[in-house]
Amino acid sequence: MKSVALLHASQLVTLSGPKRPRIGHEMSDLAIIRDGGMLIRDGKIDIVGASKEIEKNARDAEVIDAGGRVVLPGFVDAHTHLVFAGNRLDDFERRALGETYEQIAAASGGIWSTVEKTRTANGNDLFAQARKHAEWFLKCGTTTVEAKSGYGLTVEDELKILQVMRRLNQEMPLEVVPTFLGAHAIPRDLRESDYVDLVINEMLPRIASEKLAEFCDIFCERGYFGIEQSRKILTAAKKLGLKLRMHVDQLSNFGGAKLASELKATTADHLEKTDGQGIAALKSAGVQPVLLPGSVYALGSTSYPRAREMINAGLAVVLATDFNPGSSPTASMPMILSLACTQMKMSSAEGVTASTINAAYSLGRGEKIGSLEPGKLANFSIFDCEDYRELPYWFGFPQTHSVYVAGQPVDLAR
Ligand SMILES: [Zn+2]
């Protein structure tokens with residue numbers, strides 16, 4: 001494979017630093033190189049430095065001239081629901097007109113409408129729509145996403161969704177990290193205890209034996225899966241070798257953060273209602289919080305998680321889109337950075353750290369992606385601006401110039 005020399009980034013935002021997730025003040029240190037460049041060999045970063053240095057070593061390398069634009073590592077989106085059929089436009093309209101979640105669900109909207117459409121869709125149709133979603137992520141500068149199942153809620157339909165993710169990995173440049181979220185909701189035609197048994201006795205063993213997921217997730221919330229049921233499902237998942245992520249404390253301070261700490265989950269996600277005790281529990285167990293301001297915004301709420309308290313407590317905060325049709329229909333990490341700065345009082349630098357290197361560690365890929373350092377995959381994006389702080393500042397429109405995965409340009413035109 002040929003070598004590639006990237007030259008003349010106004011800011012090469014490397015995020016080089018300790019080989020672990022960043023905490024406290026470390027989240028503000030992006031290790032920026034002005035007029036920076038990289039030499040890439042066989043899809044991996046070989047040398048990082050000033051453009052002058054890189055040029056000296058470039059020899060016959062193909063040159064990419066960043067032309068004084070910003071270069072960042074590809075965003076790592078650690079919480080998405082990428083694979084589903086249809087949309088929830090009718091719910092969106094009803095919410096705009098002031099209806100509540102309960103009213104919308106009673107009018108056959110809500111998650112159940114997405115489950116029905118996803119069950120009806122065949123594997124090819126589901127793949128075609130998921131491929132479109134994957135293109136949206138790439139166009140926003142994201143090169144790795146975690147993706148959850150959870151709109152099937154039967155053995156076959158959950159497997160169908162996870163197989164679509166496997167196919168995305170084979171056919172698209174976007175890397176997809178699969179998570180099994182069978183415990184997303186309780187199907188209308190089953191009792192809770194029967195569905196928990198189905199997840200534990202049938203779904204989890206199939207998914208583990210076919211290696212269709214790396215993580216198991218659960219919607220731990222009053223009215224969905226309680227603390228006892230969550231403990232049961234996640235303990236079974238852990239025994240089968242799956243790592244844990246959890247949806248917790250989104251609607252109420254329900255004890256989810258504490259359960260995540262008890263089970264040594266990799267991440268606890270949402271945390272809108274988590275209090276100081278919950279934050280302390282996450283810290284003592286080394287659980288990474290994944291904050292999802294897009295869903296707070298899109299639901300028209302103002303109850304954002306306590307990002308500043310979490311950073312001050314030394315938690316390795318992660319930001320993600322929560323891309324899904326009901327509560328967070330966005331694939332745009334720059335939009336999430338804007339919300340993090342304006343609504344959660346994070347700095348632009350903390351936002352970039354939370355959506356790259358910290359997110360990569362939360363997916364078990366911190367040694368491979370998330371920063372621009374020798375030995376890592378050459379996944380990076382060039383943005384049409386000179387200062388990385390322009391990404392959250394100019395909000396609501398794409399500033400992506402080009403995106404590279406393993407040193408290869410991604411075709412953003414399709
Ligand atoms: Zn979610």
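Along the sequence shown, residues are numbered consecutively beginning with 1. In each ligand, atom 1 is the first atom listed, and ligand 1 is the first ligand listed.
- If you count the protein N, O or S atoms nearer to the Zn ion (ligand 1) than 2.8 Å, you get 4.
- For Phe254, the CZ atom is densely surrounded, since the number of other residues' heavy atoms within 6.0 Å is greater than 12.
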Run the side-chain donor-acceptor check on residues 376-387: report pairs under 3.5 Å with partners two or more places apart or on a different chain.
unit_1	atom_1	unit_2	atom_2	d
Lys376	NZ	Gly366	O	2.8
Lys376	NZ	Ile369	O	3.1
Lys376	NZ	Ser371	OG	2.8
Asn379	OD1	Ala406	N	2.9
Ser381	OG	Gly141	O	3.2
Asp384	OD1	Arg69	NE	2.9
Asp387	OD1	Arg389	N	2.8
Asp387	OD1	Arg389	NE	3.1
Asp387	OD2	Arg389	NE	3.4
Asp387	OD2	Arg389	NH2	2.9

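- For Arg166, there are no side chain to side chain donor-acceptor pair (under 3.5 Å) partners at least two apart in sequence or on another chain.
- For Thr100, the side-chain contact (heavy atoms from CB on, under 4.5 Å) partners at least two apart in sequence or on another chain are Glu102, Gln103.
- Enclosure of atom NZ in Lys44 is not indicated, since only 12 or fewer non-hydrogen atoms of other residues, nucleotides or ligands lie within 6.0 angstrom.
- Within 6.0 Å of the CD atom in Glu192, the count of heavy atoms belonging to other residues, nucleotides or ligands exceeds 12.
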